[in-house]
Structure formats: C-alpha cells, structure tokens
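So the structure is just underneath, and the comments pick up after that.
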2 protein chains.
Amino acid sequence: MPKAQKMTVPSSKRAQLLKLDNQLCFALYALSNRITRLYQPLLAELGITYPQYLVLLVLWEHDARSVGELGRALDLDSGTLTPLLKRMESNGFVSRLRDADDERRVVVSLTTAGLKLREHALEIPGALACQIDLPLSELSALRIQLQHLRQTIE
Amino acid sequence: MPKAQKMTVPSSKRAQLLKLDNQLCFALYALSNRITRLYQPLLAELGITYPQYLVLLVLWEHDARSVGELGRALDLDSGTLTPLLKRMESNGFVSRLRDADDERRVVVSLTTAGLKLREHALEIPGALACQIDLPLSELSALRIQLQHLRQTIE
DNA sequence: TGCAATTAAATTGTGTGCAATATAAATTGC
DNA sequence: GCAATTTATATTGCACACAATTTAATTGCA
C-alpha cells in the first residue's frame, strides 16, 4: 500500500466529471427548459407564462400572500417577482396592495379573473401527462427525489 | 359495475394535481435554479456564466462546433446562443468564424484562454459535490433518470 | 425614547431563454 | 440551370433570473 496522500480525485477521473453527459446539473437544466416549453402553448391559451402559472398555483392554494411568501414558496427573489407580479396585475389576474399592518409588505391576491383561470388550468396536468410517456408512479418518485435533493442543499 | 364513461379524472383528483407540491415541473425548475446559483460564485471566478460553462463543456470535448451543433448538444436555439457566443467571443474565450465550405455555418472554437480555463474548471465538479450531501451513486442514478425522461419527450 | 440593525420590496443592470421573423447560403425539383 | 424549398444563423421583442443596491418600514435594545 502506498503512503496515504492528501485526498484528491485523480485528474483522469476529474476529466470524466467534466463531460456534459456526466453533469447532473445539465440534465436538470435541459429537462427543466424542455418541460417549460411543453407548458408554454397550453399556458399561452390562458394568457400566462410558466412562472406566472407557478404564482397562481400558490395563490389558488392560499390566496393573499405577500411577495416574500411567494418568493419563499417558489424560491425566487423580489427582483424576479416584482416585475412579474406587475405584469400579472396589469393583465388583471392579481391585485397588489400594501399591508395596512406592515407597510413594508405587499399582499398579492387573486382577482375574479385569476380565480376563474383555475377551472381551465385543471385540464393542464392531464394534458402534460399525456406528453410524458412514463408511469405516473415513476414521475412521482422522481419528483420526491428532486424535492429531497433541494432540501439537502438549502 | 357502472356503465363505461368517457375516461376522465375526477375533479377532486384534478384539484390535487394542481398543488405546487405535486408538480414535477416545479421540482425540476426550483432545483435547476438552485443548482445554477450554487455554480455562480465558482464560475464568476473564471469570468463565465452557467450557460457559458455548458458551451465550454461541449467545446472541451470537441473543439470547433457550429452554432447548430452546440444548440443540439445543449437544447438551445440560435436566439439564445448567438448573443451568448458573442459575449464569450468579446471576453476572449472563443472565436466565431464562417465555415468556408458552407457559408451559412459559423464555427465556434476555443481560444488559448478558453482552453486554459479547463484547468481551473477541473476543480468545479468536486467543489459542487461537496455542497450536495447525497451519495454519488444516487446523484448518478438521478441524472440517468432525468436524461431518460428528456429523451422520451423529444 | 431614540436610533442602529433588521426586514420587505423595489430598482438597476446584465445575461439568459425563446417565439417569431428576417436574411442569406445551399439544395432540390423540374 | 434556375426557381422553389430548405437549412443555418441572426435579429427583434418580451419575459424571466439574479446579484447588488436602494428605499422605506419595523424591531430591538441601550
């Protein structure tokens, strides 16, 4: 046995790790982009984008959330959310109001139109599932793995 | 047995499917964003962004690729790649030259500086792995599942 | 009470993503 | 051979993402 050395990965191994096909990050990035593109035509019918759809998913579960609460739910910052929410407001799907109890906060609420969108949106998960040829049980297992991995990174 | 009806998912079930926590797409989106943020400080030291890093991964494996070949490798279109490659060119990491055999094509090649970056980049996969507290075997299995799912969507 | 530290959003600036369109070179059909 | 089609890249316009900074409101605590 050779004497113990500093723990390093040999450079041949490190070179393997730089290959695109070995990158978990790229597998995530490419699949995420692709799935967003799958949603796009369905969401365009509703007049919303994919990140806007995510905001609606949160609000349909709990209406009247602050920008910060939305940001924590979606892991997005105010630099992304503020202009996005302003677009949703000007399109008539949400209202943005200062919280009277804490004037720093802006509370985002569904309008009637925003609530109404939910009925049409109920068709979306099914329409998406049709385009993904994998058993639902596998998709669910994959989702849980991804959620778990994200938690370990926090 | 009730008479066969049109195959539809009951609306209570559809409502479940609209919850954020049940969305595979969001699990992908949020994890992909988060991992990109993990890379950002490491890549900033090299003077590149995450998508630029992906371009370099391709070129380090096969130098001198056309814009179209890069786009197929990374699943990105010319609207994304053209300005990104121009930034990489002006930062001195790649050259962009019309292919003499086919004047429609633009061949992207590594400069000396672009090739040199690879040495520093060899440290990156290891640095990332340290921030993700999961066995490499699991990460590898996850990557393969994601690659497979992307193929089924093509 | 008073004011420094913290918190919540907004703003600024840069860099993606992508649909739609434009431009130009190569290929195909006749 | 050459017009019509196809292919490769670029451009335009819009909507994210996010780091860094700014502004304003609240909290903590001496």
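To find a chain, count down the sequence lines: A is the first, B the second, and so on, and within it residues start at 1. All values below were derived from every heavy atom in this structure, side-chain atoms included, with hydrogens, water molecules and symmetry-related copies excluded.
Rounding to whole angstrom units, CZ of residue B/F26 and P of D/dA17 are separated by 11 Å. Note: CG (A/L81) to P (C/dT11) measures 14 Å, nearest angstrom. Distance CZ (B/R96) to C1' (D/dA10): 9 Å, rounded to an integer number of Å. Between the CG atom of A/L70 and the P atom of C/dA9 there is a distance of 9 Å, given to the nearest Å. Nucleotide D/dT6 holds its C1' atom 12 Å from the CG atom of B/D102, rounded to whole Å. Here the P atom of nucleotide C/dA9 and the CZ atom of A/R65 are 12 Å apart, to the nearest Å. What separates CG of A/L74 from C1' of D/dA17 is a distance of 13 Å, to the nearest Å. Summarising the geometry, the separation between CG on B/D99 and C1' on C/dA26 is reported as 12 Å, rounded to the nearest angstrom.
Of the side-chain N and O atoms in A/T82, one or more sit less than 4.0 angstrom from OP1 or OP2 of C/dA10. Regarding contacts with the backbone of C/dT16, a side-chain N or O of B/R87 is found under 4.0 angstrom from either OP1 or OP2.
B/D77 comes within 4.0 angstrom of a base, heavy atoms only. Within 4.0 Å (heavy atoms only), A/R72 reaches no atom of the nucleic acid at all. Heavy atoms of A/G79 sit under 4.0 angstrom from at least one base atom. Nucleic acid contact class of A/D101 (heavy atoms, under 4.0 Å, all strands): sugar-phosphate only.
Taking CG of A/L81 as the reference point, atom CG of A/L54 lies at 10.0 Å (rounded to 0.5 Å). Atom-to-atom distance recorded for B/L128:CG and B/L139:CG is 10.5 Å, nearest 0.5 angstrom. Taken to the nearest 0.5 Å, the CG atom of A/L24 stands 11.5 Å off from the CD atom of B/E138. The distance from the OG1 atom of B/T112 to the CG atom of B/L117 is 11.0 Å, given to the nearest 0.5 Å.
Nearest heavy-atom pair across A/I35 and B/L28 is CD1-CD1, 3.5 Å.
Applying the 3.5 Å distance criterion, the base of D/dA10 shares a donor-acceptor pair with the side chain of B/S78. Side-chain N/O atoms of B/R104 and base N/O atoms of D/dT7 include a donor-acceptor pair closer than 3.5 Å.
For the pair B/D75 and A/R37, the salt-bridge criterion is met [side-chain N within less than 4.0 Å of a carboxylate O].
Residue-to-nucleotide proximity on DNA chain C shows that, of B/L76 and A/K86, the 5′-proximal contact is made by A/K86. Nearer to the 5' terminus of DNA chain D, by closest-nucleotide assignment, is the contact made by A/P83 (compared with the other of A/P83 and A/E103). Nearer the 5' end of DNA chain C, as judged by each residue's closest nucleotide, is the contact made by A/R98, out of A/R98 and A/Y29.
For residues 30-59 of chain B, proximity to DNA chain D is found at B/N33, B/R37, B/Q40, defined as any non-hydrogen atom under 4.0 angstrom from a strand atom.
Cluster membership for A/L136 and A/L38, using ILVMFWY side-chain heavy atoms within less than 4.5 angstrom, is shared. Under a hydrophobic clustering in which Ile, Leu, Val, Met, Phe, Trp and Tyr are joined whenever their side-chain heavy atoms come within less than 4.5 Å, directly or via other members, B/L59 and A/Y29 fall into the same cluster.
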